[in-house]
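Labels below follow one simple rule: chain letters A, B, ... track the order of the sequence lines, proteins then strands, and each chain is numbered from 1.
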Amino acid sequence: MDAKEIIARRVALEVKTDMLVNLGIGLPSMVANYLPEDVDIFFQAENGVIGLGARPPEGMEDADLTDAGGGFVTAVPGAASIDSAMSFGLIRGGHLDMTVLGGLQVDERGYLANWMVPGKMVPGMGGAMDLVAGAKRVIVAMVHTAKGRPKIVPECTLPLTARRRVSLIVSELAVIEPTEAGLVLRELGPDASVAQVREATTADLIVEGDVPAMALA
Amino acid sequence: MDAKEIIARRVALEVKTDMLVNLGIGLPSMVANYLPEDVDIFFQAENGVIGLGARPPEGMEDADLTDAGGGFVTAVPGAASIDSAMSFGLIRGGHLDMTVLGGLQVDERGYLANWMVPGKMVPGMGGAMDLVAGAKRVIVAMVHTAKGRPKIVPECTLPLTARRRVSLIVSELAVIEPTEAGLVLRELGPDASVAQVREATTADLIVEGDVPAMALA
Amino acid sequence: MKTATKVEDAAALIPEGAVLHIGGFMGVGSPHRLIDGLVARGVGGFTIVANDTAMPGTGIGKLVTAGLVARAIVSHIGLNPETQAKMIAGEIDVELVPQGTLVERIRAAGVGLGGVLTATGVGTLVQEGKRVIEIDGKDYLLEKPIKADFALIAAKAADYKGNLEYSLTAHNFNPIMALAADTVIAEPQTILPVGAIPPDAVKTPGVLVDYLLERGH
Amino acid sequence: MKTATKVEDAAALIPEGAVLHIGGFMGVGSPHRLIDGLVARGVGGFTIVANDTAMPGTGIGKLVTAGLVARAIVSHIGLNPETQAKMIAGEIDVELVPQGTLVERIRAAGVGLGGVLTATGVGTLVQEGKRVIEIDGKDYLLEKPIKADFALIAAKAADYKGNLEYSLTAHNFNPIMALAADTVIAEPQTILPVGAIPPDAVKTPGVLVDYLLERGH
């Protein structure tokens, strides 16, 4: 199982029935593949649908129905079309139960940087700042290091996405919960050890007793 | 012709094709009865319809279709249902071309008081403050005096509806335009004289040359 | 999927002293069965946020008559002499808010904005005690969001997922209030299978609705 | 009643240097024929307000490629390397705005609010140069309204009165932009007789639409 699949399978367990969930493009979108059968939720795509479904059958794509990455999707029965004001009203107003986003850095305060690398990549924040500021739960789904460089750091050096403590960080090595006291190591990835996580993390980690292995969907 | 009919017939001439118009309840609503045949407009009712029509045929009333006074109405072909946020968005956003409202007092600044008599009548402002603050043109349609007491005064003694100069005052005696320089007497009512208007008005009136008689629809 | 809730069970959810958003305009588009359920239960002390208090014997007027209203945040009480009498007698505390400001304050609570900046009310009694913010040379009142414990809303139809559509002037405050309460109870005239309300016709996504009242008989 | 406007006549309305709201999300729900008309005409220097600049060869991307864009106020340019290259070369001035803030700033212009108070962007680069307003102990950015000279919007269908309905994720910014420009040009996929779009299905009332593009061929 590769790192991304581990992450997606672990995040999938955070999704509970009746939630409204927004998945970022890339790795976060893989979470949809691993949801338990009995979980009954709606996915929101911030470009304007509640009830996002899988790819449509070949030849049945509708130019007016895409996800936030521009890919063709379907809408599930009971879906609703919404405009951008309603879409971000739901996000900012606390109606979105969970967002799963990628990350460039997370720091000891639980602050996320994921939209910009100065002097390099300036794609724009899109909906990320609203999502991180407004969603009830923010899950950062990311591989633990970038080409060996730790991404969980004492303080973000990249521009912040929001001044808000995210709810959970899920990597292939660990599940880490940002708290008032700092970053608490909650679970270990398959075959990972506390020493290995510390090695790959420059931020201070709080370890309380035995750290269990992460369950995977 | 009684005073109210004179006023309604004069105001009707202010309504031009393609306007979106809101008529207050009472006297202002009578304006709809005197529109020239060739005027093609939509009436807005602030409770949520663009394209307000006349009373429905007996037995065809719909409990879900009323005007802002709560009376049964119809919707004309091409009507649109809107919620209160859209309705007042149109009003405040400058999309409403004209509102016609009753008045308790108007003063030399062109400020209107029409929602409250302290110690007496406190019905609430409803939509009046938004209408006066937001409509492109505000027409005050009112009988010139209240039981002989002038209503066009140097400065309103009743609480203001908005700190905005209204566009026109139409009474059975006169058409008066509030301007930067003050209240200009533009037209005289049927059989009214300048002296008579001055007599019934405590505000200063600017009279420029001969004042024509008002046309009536 | 929602389960249908009986009127008495819905009423029983609402504790003494709760803040209630209640849809409707002079009783049109109000949740009449829920209101009857509250009157039957007799628990009160409510703060009512609504456009108006309707008329005695109609809609919210029934709550006033039953003595269940301690406070009313409304734009208009002119057609309900009981509300006026109770206000003068000090039995109901009435806050009068311009209609467009009221709906926008509710929306702000629902979509996570810190307040509303409106020119409506500037220079009037409505300004008293409020912050005035100057933006590009023009004054605006800072009006605060109004959130409720419960929103009691009426709809034309729901589907089993709680998606709602509204009818003509029965929209009014309902779609906005559905955004702005901890618990949303919707009273549809009819309940349809999933899919019977197509995505583009949904005005309140079912994810906003917590309880769906059973069909009326 | 509207008259249908030819693409080239609509494009000719728009002068050099105009500020344009353009609907669409990665090209979905953009007014493609109008964009082609602008490219054919070749007049530019525009300020584009839109969610994104799509991709080269698609939607707003065509305006970028044609060199008609002097300034872009957008949430995302990540999928259009040409926009990024022109930004770095100083040919296009890009203002990046969080998506939810962007749509709300457009709405504020459309519904007559003085600005938007949002927590999105607080403590990030987005805060730079902006007023921070503290409300009940929480900080909000004061974000200013964005009005345009023209709104170029796409719709699923129009009727002869200009009433519009939208399809699925092709809603996005279109209904909001229709509120916020001096002149609104709508490009419907189809044009229907009055009455074919019932009042409850209208999302943009025809009174907001100045020009209706003729049907595509």
| remark: Cut-off 4.5 Å, heavy atoms of chain A, and the answer for D/Pro175 is side chain
| field | Neighbour count above 12 (heavy atom, 6.0 Å) for A/Glu180 CD | value | no
| said: Under 4.5 Å from any heavy atom of chain A, what part of D/Glu95 do you find: side chain, backbone, both or neither? | reply: neither
| query | So what's closer than 4.5 Å to chain A heavy atoms on D/Phe173: side chain, backbone, both or neither? | reply | both
| message | Around atom CG of A/Asp18, are there more than 12 heavy atoms from other residues, nucleotides or ligands closer than 6.0 Å? | response | no
| message | I'd like to know if the side chain of D/Ser167 and the backbone of A/Asp64 have a donor-acceptor N/O pair within less than 3.5 Å. | response | no
| field | Contact origin within A/Ile91 toward chain D - heavy atom pairs under 4.5 Å | value | neither
| Atom group of D/Ile176 that falls short of 4.5 Å from chain A, counting heavy atoms | side chain
| Among A/Ala80, A/Gly127, A/Gly126, which residue forms the greatest number of heavy-atom pairs with chain D at distances under 4.5 Å? | A/Gly126
| task | Would you please test D/Met87 and A/Val122 for side-chain contact (heavy atoms from CB on, under 4.5 Å) and show each step? | result | CA-CA 10 Å; D/Met87 177 177 73; A/Val122 192; 4.2 Å; yes
| field | Full working for side-chain contact (heavy atoms from CB on, under 4.5 Å) between A/Asp62 and D/Leu168 | value | CA-CA 9 Å; A/Asp62 179 345; D/Leu168 298 165; 3.6 Å; yes
| When rounded to the nearest 0.5 angstrom, what is the spacing between CZ in D/Arg107 and OG in A/Ser84? | 13.0 Å
| What part of D/Met55 lies closer than 4.5 angstrom to a heavy atom of chain A: side chain, backbone, both or neither? | neither
| Rounded to the nearest 0.5 Å, how far apart are NZ of D/Lys203 and OG of A/Ser81? | 6.0 Å
| query | Does NZ belonging to D/Lys2 count more than 12 external heavy atoms closer than 6.0 Å? | reply | yes
| request: Measure distances from A/Met86 to the heavy atoms of chain D and classify the residue's part below 4.5 Å as side chain, backbone, both or neither. | output: neither
| query | Taking atom CE of A/Met129 and atom CG of D/Leu125, what is their separation to the nearest 0.5 Å? | reply | 6.5 Å
| Over 12 non-hydrogen atoms of neighbours within 6.0 angstrom of OH in D/Tyr211 | no
| said: Can you confirm whether A/Asp67 sits close enough to D/Thr169 that some side-chain heavy atom of one is under 4.5 Å from a side-chain heavy atom of the other? | reply: no
| Residue part contacting chain A, namely of D/Thr101, when any heavy atom lies under 4.5 Å | both
| query | Are any of the side-chain heavy atoms of D/Met26 and A/Asn47 separated by less than 4.5 Å? | reply | no
| task | Report the option among A/Ala45, A/Ala68, A/Ala75, A/Gly134 that has the most heavy-atom pairs separated by less than 4.5 Å from atoms of chain D. | result | A/Ala68
| At a heavy-atom separation under 4.5 Å, does A/Ala162 approach chain D through its side chain, its backbone, both, or neither? | backbone
| field | Residue, of A/Ala85, A/Gly48, A/Pro123, A/Gly124, that accumulates the most heavy atom pairs under 4.5 Å with chain D | value | A/Pro123
| Considering residues, nucleotides and ligands other than A/Met1, do more than 12 of their heavy atoms fall under 6.0 Å from its CE? | yes
| Main-chain N/O of D/Gly100 paired with A/Arg92 side-chain donor or acceptor, under 3.5 Å | yes
| query | How about D/Leu142: does its CG atom have over 12 heavy atoms from other parts shown lying under 6.0 Å from it? | reply | yes
| query | Taking side chain as C-beta onward, heavy atoms only, is A/Asp83 less than 4.5 Å from D/Asn174? | reply | no
| query | Most heavy-atom pairs under 4.5 angstrom with chain A, which of D/Gly123, D/Pro98, D/Gly29? | reply | D/Pro98
| Does any non-hydrogen side-chain atom of D/His76 lie less than 4.5 Å from one of A/Met125? | no
| Looking at CZ of A/Phe88 and CD of D/Glu104, how far apart are the two atoms once the value is rounded to the nearest 0.5 Å? | 11.0 Å
| query | For A/Ser87, is it the side chain, the backbone, both or neither that has a heavy atom under 4.5 Å from a heavy atom of chain D? | reply | neither
| task | Can you tell which part of A/Ala79 gets under 4.5 Å to a heavy atom of chain D, answering side chain, backbone, both or neither? | result | neither
| said: Less than 4.5 Å to any heavy atom of chain D: does that hold for the side chain of A/Ile82, its backbone, both, or neither? | reply: backbone
| said: Report which part of D/Val97 has an atom under 4.5 Å of a heavy atom belonging to chain A: side chain, backbone, both, or neither. | reply: backbone
| query | Where on D/Ile88 is there a heavy atom nearer than 4.5 Å to chain A: the side chain, the backbone, both, or neither? | reply | neither
| query | Which heavy atom of D/Val28 sits nearest a heavy atom of A/Ala63, and at what distance? | reply | CG1-O, 3.4 Å
